Amino acid sequence: ESLPCVVFRTLYKAKRYEEALPYLEDALSSKKYCNTILCNMAINCLGKTKRWDEAVVVFERMSTDLAHAPDGMTHSVIINALALSGRWEEAIALFDSMVKSSDPTLRENSPAMTSSLNSAINACDISGRWQDALELLRRADRDGVKADMISFSTTMNALVRAGKCDGALAVFREMISRKLEPGLVACNFVLTNCSKHKKGEVALEFLEVMRKAKLKITSVSYNAVITALYREEKPEKVLATFREMQLYRLCPD
RNA sequence: AUCUCCUC
């Protein structure tokens with residue numbers, strides 16, 4: 001076995017990215033044990049430690065001296081590194097290059113395409129580009145990419161962060177109609193942001209949709225909605241929702 | 001064997 005590869009993988013899997021860095025170069029230069037997956041781990045390790053330019057360098061080296069063709073997952077991790085460094089335009093461009101790729105093994109790798117879409121949407125969220133996030137989600141079908149629960153949740157995050165709570169509600173309704181159940185935490189994040197932006201009525205509608213879809217509702221959810229209504233100065237609805245909460249069987253937190 | 005959102 002190649003020890004640098006073993007040590008690098010071990011530290012990587014333990015998410016000890018900083019400690020894994022010193023072994024990265026030796027692991028990559030192992031002729032026998034370096035493969036595409038190890039390169040993907042290396043790129044992600046550099047991304048996790050905010051070494052974005054170095055991550056891009058390894059990505060480019062894969063096609064040259066490392067001689068391991070980048071696969072769908074490689075694209076996904078590099079798009080994520082671009083996302084975290086605020087390079088949303090490059091992230092979207094790389095995602096588009098996958099969609100338009102003449103290589104069917106890339107386009108037909110559905111999990112990697114979805115993950116890349118999600119990283120691209122996340123890039124938009126991080127950079128405050130909610131319009132672009134929404135556009136990526138809207139054209140996913142046309143692009144032949146399957147949008148999943150994370151695609152919808154991330155788009156909602158981008159929208160509510162920008163105060164576009166009614167837009168997020170529309171995404172939420174579509175998500176429910178597609179039978180993609182958002183997690184409790186994702187719902188609560190949306191509701192918390194509704195209260196930050198004083199969108200009480202919208203928060204109330206979210207709660208209604210959640211109830212109809214039989215999603216879990218906790219005290220965090222009700223707290224956020226009531227706070228939102230209070231900040232929007234809807235005293236009657238504050239009281240009505242508070243009374244409703246006392247009658248409703250809340251899920252434990 | 002590798003990736004992506006989320007309550008402060």
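The structure displayed is predicted, hence computed values, not measured ones. Chain naming here is simple, since letters A, B, ... match the order of the sequence lines and numbering starts at 1 in each.
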Q: Name the nucleic acid region contacted by A:Asp125, choosing base, sugar-phosphate or nothing; use a 4.0 angstrom heavy-atom cut-off, strictly under.
A: nothing
Q. Heavy atoms under 4.0 Å, any strand shown: does A:Ser119 hit a base, just sugar-phosphate, or nothing?
A. sugar-phosphate
Nearest to the side chain of [X] - [options]?
X        : options          : result
A:Ile37  : B:C5, B:A1, B:U7 : B:A1
A:Met73  : B:U2, B:C5, B:U4 : B:U2
A:Ser153 : B:C5, B:U4, B:U7 : B:C5
A:Val220 : B:A1, B:U7, B:U2 : B:U7
A:Tyr12  : B:U2, B:C5, B:U4 : B:U2
A:Asn188 : B:U4, B:U7, B:A1 : B:U7
A:Met41  : B:U4, B:U7, B:U2 : B:U2

Q: Would you mind telling me which of A:Thr105, A:Asn40, A:Asn109 makes a side-chain hydrogen bond (donor to acceptor under 3.5 Å, both in side chains) with A:Asp71?
A: A:Asn40
Q) How about A:Tyr248: does its OH atom have over 12 heavy atoms from other parts shown lying under 6.0 Å from it? A) yes
Q.
I need the minimum non-hydrogen distance between A:Tyr23 and A:Pro4, along with the two atoms involved.
A. CB-O, 4.0 Å
Rounded distance in Å - [atom1] ([X]) to [atom2] ([N]):
X        : N    : atom1 : atom2 : value
A:Leu215 : B:C6 : CG    : C1'   : 14 Å
A:Leu180 : B:C5 : CG    : C1'   : 13 Å
A:Arg9   : B:U2 : CZ    : C1'   : 9 Å
A:Asn118 : B:C5 : CG    : P     : 9 Å
A:Met156 : B:U7 : CE    : P     : 12 Å
A:Met210 : B:C6 : CE    : P     : 18 Å
A:Phe152 : B:U4 : CZ    : C1'   : 16 Å
A:Leu134 : B:C5 : CG    : C1'   : 16 Å

Using distance only, find each side-chain donor-acceptor pair of residues 77-86 of chain A under 3.5 Å and give its atom names and separation, not counting sequence neighbours.
unit_1: A:Ser85; atom_1: OG; unit_2: A:Ala81; atom_2: O; d: 3.1
unit_1: A:Ser85; atom_1: OG; unit_2: A:Leu82; atom_2: O; d: 3.0

Q) Can you check whether A:Phe95 and A:His75 have ring centres sitting under 6.0 Å from each other? A) no
(Q) For B:U4 and A:Lys48 - does any side-chain N or O of the residue sit under 4.0 Å from the phosphate oxygens OP1/OP2? (A) yes
